[in-house]
Asker: 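Have a look at this one.
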Amino acid sequence: MSFLGQAAKIFGNTAEFKFQVVLFGRDAVYLEGAKPVKIDESEMIFRIPQGLLSLVGEGLKIKELTDDCVSVTGRISDLAVKDL
């Protein structure tokens, strides 16, 4: 089951969860509900509902990519969400 599925058991209705970000220290991030827009070793941008999420760092690499989930590794120095 996905992280959102697990959270739904705790928090109730998943309609409130548009996207999810799990940061593992500064070495990895797991995103649900995000689609890649820009991918390179120093910056990655993802479209999320009503906005954009950007990751900045060094040696960023996509480790896993599915229709609604992505895992990124590397040295993460900044993570930001911007409303559209």
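This one's a predicted model, so the numbers in the text were calculated from it and none came from an experiment.
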Asker: Evaluate the side-chain proximity of Val72 to Phe46: yes if any heavy-atom separation is below 4.5 Å, no if none is.
Answerer: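 Touching, per the 4.5 Å side-chain cut-off.
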
Asker: Please determine whether the number of non-hydrogen atoms from other residues, nucleotides or ligands lying under 6.0 Å from atom CD of Glu41 exceeds 12.
Answerer: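 For Glu41, atom CD is not crowded (no more than 12 foreign heavy atoms under 6.0 Å).
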
Asker: Could you tell me the separation between the CG atom of Leu60 and the OG1 atom of Thr73, rounded to the nearest 0.5 Å?
Answerer: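 Leu60 CG to Thr73 OG1: 8.0 Å, rounded to 0.5 Å.
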
Asker: Per the side chain to side chain contact (heavy atoms under 4.5 Å, CB included) rule, which among Leu52, Val56, Leu53 passes with Ile45?
Answerer: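 One option only clears the test, and that one is Leu52.
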
Asker: Can Ile48 be reached from Leu84 by stepping across I, L, V, M, F, W or Y side chains whose heavy atoms are under 4.5 Å apart?
Answerer: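 Different clusters: Leu84 never reaches Ile48 through Ile, Leu, Val, Met, Phe, Trp or Tyr contacts under 4.5 Å.
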
Asker: When rounded to the nearest 0.5 angstrom, what is the spacing between CZ in Phe19 and CD in Gln50?
Answerer: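 The CZ atom of Phe19 sits 9.5 Å away from the CD atom of Gln50.
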
Asker: Between the side chain of Arg26 and the main-chain N/O of Arg75, is any donor-acceptor distance below 3.5 Å?
Answerer: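 The answer is no, because no donor-acceptor pair under 3.5 Å joins these two groups.
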
Asker: According to a 4.5 Å side-chain heavy-atom criterion applied to Ile, Leu, Val, Met, Phe, Trp and Tyr, with indirect links allowed, do Val37 and Leu31 form part of one hydrophobic cluster?
Answerer: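 No, Val37 and Leu31 fall in different hydrophobic clusters.
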
Asker: Working to the nearest 0.5 angstrom, can you tell me the gap between Ser71 OG and Glu32 CD?
Answerer: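 Between atom OG of Ser71 and atom CD of Glu32 there are 9.5 Å.
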
Asker: What residues form a side chain to side chain contact (heavy atoms under 4.5 Å, CB included) with Leu65, not counting sequence neighbours?
Answerer: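 Leu65 satisfies side chain to side chain contact (heavy atoms under 4.5 Å, CB included) with Pro36, Ile62, Val70 once adjacent residues are dropped.
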
Asker: The criterion is salt bridge (charged side-chain N to carboxylate O under 4.0 Å, His left out); which residues satisfy it with Asp40, sequence neighbours excluded?
Answerer: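 Lys38.
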
Asker: How long is the span from the OG atom in Ser77 to the CG atom in Leu55, to the nearest 0.5 Å?
Answerer: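 Between atom OG of Ser77 and atom CG of Leu55 there are 9.0 Å.
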
Asker: Measuring only between side-chain heavy atoms, which start at C-beta, is Met44 closer than 4.5 Å to Ile39?
Answerer: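 Met44 reaches Ile39 side chain to side chain.
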
